[in-house]
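In this text, all values refer to a predicted model and were calculated from it rather than measured experimentally. Letters A, B, ... are given to chains in the order of the sequence lines, protein chains preceding strands, and every chain is numbered from 1.
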There are 2 protein chains.
Amino acid sequence: MTDGRRESTYAVVARDVRNRILQGAYADGRRLPTEAELAERHGVSRQTVRRAFQDLVAEGMVYRVPGRGTFVTRRDEAYLRQFGSIDDLMGLSVDTRMEVTAPLRRLVDVTAASRLRLPDDVVHSLTFRRSHDGRPFCVTTVSVPPAVGAVLASVPELTVAGAGSRTTIIGLLDARLPAPIAEADQSITVAPADPATATQLGCPAGDPLLRIDRLYSDTAGRPVELAVSHFLPELYSYRTKLRRDRHA
Amino acid sequence: MTDGRRESTYAVVARDVRNRILQGAYADGRRLPTEAELAERHGVSRQTVRRAFQDLVAEGMVYRVPGRGTFVTRRDEAYLRQFGSIDDLMGLSVDTRMEVTAPLRRLVDVTAASRLRLPDDVVHSLTFRRSHDGRPFCVTTVSVPPAVGAVLASVPELTVAGAGSRTTIIGLLDARLPAPIAEADQSITVAPADPATATQLGCPAGDPLLRIDRLYSDTAGRPVELAVSHFLPELYSYRTKLRRDRHA
DNA sequence: CGTTATTTGTGCGTATGTATT
DNA sequence: AAATACATACGCACAAATAAC
């Protein structure tokens, strides 16, 4: 990835505004700078600023009112991001940081193995923490079949505790597996923080967390990864856009 | 209100292309007309055609490749960027029962009003409980702009506390509003049960619940309904399927 | 009450760049 | 190498909604 192409001007403007929003610069429903102000600040035309806002509106980050201005659609200080597709999840790495807390290793996990539809109870597993702006907001445990684990073993960042990275596991897998990842079954519920997770998130054990399980499958329908994540609800909410079905 | 505003030129172009796609005109992965062709066909500038395509791309209807052209996003490969759809939600009523606990009434709610983008703080609101197999699992508070509230006031089941029904609010609205409901922004997080909600769900106050906010908008992008639901996590988990959305 | 300034929305023209065929 | 097609960027003019006076 990383894609050596030059980043377009409007993308730079959009990223700048997005970062300021995430840093809370326009917190209490205050108005964002006008198109004209942003154009001058970045030394670009008003049209380029408008193009940047189109993306931010599409992401659900801001909304605009003719004659009034542009406003953040934020809920509290939650870390907002539009998820709804696998590619969105892969994009998660752009502004968060991941830190391995339990490196990739072989272990016996009956539950994970059965959800991965494995013939025995051996899986390869690792646990990491994700932070935004230096604050941890999510702990994820990933379990994969041994064959997939062998593929991941060649990625040094995953085999050393404390290593940092900006990648996502599905991004790594997608590039290394013979068949691409095609879909994921997802389940969202509430679960109390177990002691280990609480320590990593810096919250009291037993605190309610948002738990998201995702079982990824490749194009052949084979399960390739089970990810169980626990999010701090103060810092993260899961957002998506629902649309109408096509065809009646 | 029917929205007497003129439909913008690019919206007309987008709708035309969308309709042709839905009628199967460009079914088998064939290329869509080029920007220049569409510009001439509609007698507009190439920029206007581009603006129309920006919407279609954002909807996930088409994808574009520089130098090659524009193509329909096929359902089997990608298309639905989302998991559940609004029509799935409308089908919710089939096996659950809804019971009004606070009938439709006018009240001042700054938060709801601002999320509905209303100029003042007055909304119409009602609260109901949803049960499955006789066990309540969800409490929902719906807030709508006064104009929409007037439409709902003609539905007797919503104006009487204790009334039961099997409908959904969006189902009612969709049939009665001038513009159909087109999409919803959804946010999922964890929230403790407030006393009133706890009583209705039969759980201790303060217990962690799964909270789902949905802001529905019509085809003009105007917010028409805000629904805030609290679910008992033991009885309900939110499940979806994620799919790929781009073409590798 | 209209008037005016501000701010976003629409529409188009032009030029240039990049990817594909 | 040339033609085609989409992408970016800037400019301008005017419309429409809002807010302040």
Side-chain angles (χ1 to χ4, degrees), chain A residues 3-17 26 29-58 61-73, chain B residues 1-17 26 29-59 61-73 113-114 116-121 145 147 217 219-223 246-248:
Chain A
D3 214 296
R5 288 197 320 263
R6 182 180 76 91
E7 191 175 20
S8 56
T9 309
Y10 76 79
V12 172
V13 175
R15 186 159 46 81
D16 178 67
V17 174
Y26 312 107
R30 233 171 37 258
R31 221 191 59 201
L32 265 68
T34 67
E35 295 177 351
E37 281 167 359
L38 285 171
E40 186 174 14
R41 175 187 305 173
H42 287 86
V44 300
S45 76
R46 188 187 148 216
Q47 303 310 315
T48 302
V49 174
R50 283 188 63 75
R51 183 65 185 80
F53 271 128
Q54 273 179 25
D55 281 6
L56 295 172
V57 169
M61 185 77 77
V62 303
Y63 67 94
R64 320 194 73 197
V65 185
R68 292 219 297 139
T70 306
F71 306 86
V72 177
T73 54
Chain B
M1 34 144 140
T2 321
D3 207 307
R5 288 202 321 261
R6 184 179 73 93
E7 191 175 20
S8 55
T9 310
Y10 75 79
V12 173
V13 175
R15 187 160 46 81
D16 178 69
V17 174
Y26 312 108
R30 229 168 42 257
R31 219 190 62 200
L32 265 67
T34 67
E35 295 176 351
E37 282 167 357
L38 285 171
E40 185 175 14
R41 177 188 304 174
H42 288 88
V44 300
S45 78
R46 194 190 138 211
Q47 304 308 317
T48 301
V49 175
R50 282 187 62 73
R51 182 64 186 80
F53 271 127
Q54 278 175 21
D55 280 6
L56 295 172
V57 168
E59 289 167 23
M61 187 76 80
V62 303
Y63 66 96
R64 321 193 72 195
V65 184
R68 292 219 296 138
T70 305
F71 305 87
V72 176
T73 309
S114 89
L116 287 166
R117 316 227 198 298
L118 296 178
D120 56 28
D121 297 338
S217 306
T219 48
R222 250 191 295 281
R246 261 185 281 276
H247 306 244

Note to self: Rounded to the nearest 0.5 Å, what separates atom CG in B:Asp55 from atom CZ in B:Arg15?
What the structure shows: 13.0 Å

Next item on the list: Please round to the nearest 0.5 Å and tell me the distance separating atom OG1 of B:Thr9 and atom CZ of B:Arg51.
Entry: 11.5 Å

d([atom1], [X]; [atom2], [N]) in whole Å:
X        : N      : atom1 : atom2 : answer
B:Phe53  : D:dC6  : CZ    : C1'   : 10 Å
B:Arg51  : D:dC6  : CZ    : C1'   : 17 Å
B:Phe71  : C:dA19 : CZ    : C1'   : 12 Å
B:Gln54  : D:dT8  : CD    : C1'   : 11 Å
B:Asp55  : C:dG11 : CG    : P     : 11 Å
B:Arg117 : D:dA17 : CZ    : P     : 17 Å

If you restrict it to nitrogen or oxygen atoms, what contacts under 3.5 Å exist between nucleotides 10-12 of chain D and the protein, and what is each distance?
unit_1	atom_1	unit_2	atom_2	d
D:dC10	OP2	A:Ser45	N	3.3
D:dC10	OP2	A:Ser45	OG	3.4
D:dC10	OP2	A:Thr48	OG1	2.2
D:dC12	N4	A:Gln47	NE2	2.8

Next item on the list: Using the criterion of both pairing distances under 3.5 Å for Watson-Crick and G-U wobble pairs, give all stems of 3 or more consecutive pairs involving DNA chain D.
Entry: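 Listed by first number, the stems are C:2-21 with D:2-21.
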
Under the rule for side chain to side chain donor-acceptor pair (under 3.5 Å), what residues qualify as partners of [X], not counting sequence neighbours?
X        : value
B:Ser45  : B:Thr48
B:Asp121 : none
A:Arg68  : none

Next item on the list: Ignoring backbone atoms, establish whether B:Arg50 has a side-chain N or O less than 4.0 Å from OP1 or OP2 of D:dA7.
Entry: yes

Next item on the list: Examine C:dT10: is either OP1 or OP2 under 4.0 Å from a nitrogen or oxygen in the side chain of B:Tyr10? Give yes or no.
Entry: yes

Margin query: Testing the basics here: between A:Ala52 and A:Ala14, what is the closest heavy-atom pair and its distance to 0.1 Å?
Written below: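 Nearest pair, atom of A:Ala52 first, then A:Ala14: CB-N, 3.7 Å.
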
Next item on the list: Identify, with sequence neighbours excluded, every residue that meets salt bridge (Lys or Arg N to Asp or Glu O under 4.0 Å) alongside B:Arg41.
Entry: none

Next item on the list: Using the test salt bridge (Lys or Arg N to Asp or Glu O under 4.0 Å), find all partners of A:Arg64 that sit at least two apart in sequence or belong to another chain.
Entry: A:Glu35

Under 3.5 Å between N/O atoms: give me all the protein pairs with nucleotides 2-5 of chain D, atom names plus distance.
unit_1	atom_1	unit_2	atom_2	d
D:dA5	OP1	B:Arg31	NH2	3.4

Margin query: Applying side chain to side chain contact (heavy atoms under 4.5 Å, CB included), can you list everything that pairs with A:Ala39, at least two apart in sequence or on another chain?
Written below: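 With neighbours one apart ignored, the set is A:Val49.
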
Item checked: Partner set under side chain to side chain contact (heavy atoms under 4.5 Å, CB included) for A:Glu37, not counting sequence neighbours ->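 Expected list: A:Pro33, A:Thr34.
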
Checklist line | Note, B:Tyr26 side chain near B:Val62 side chain (heavy atom, < 4.5 Å) | finding: no

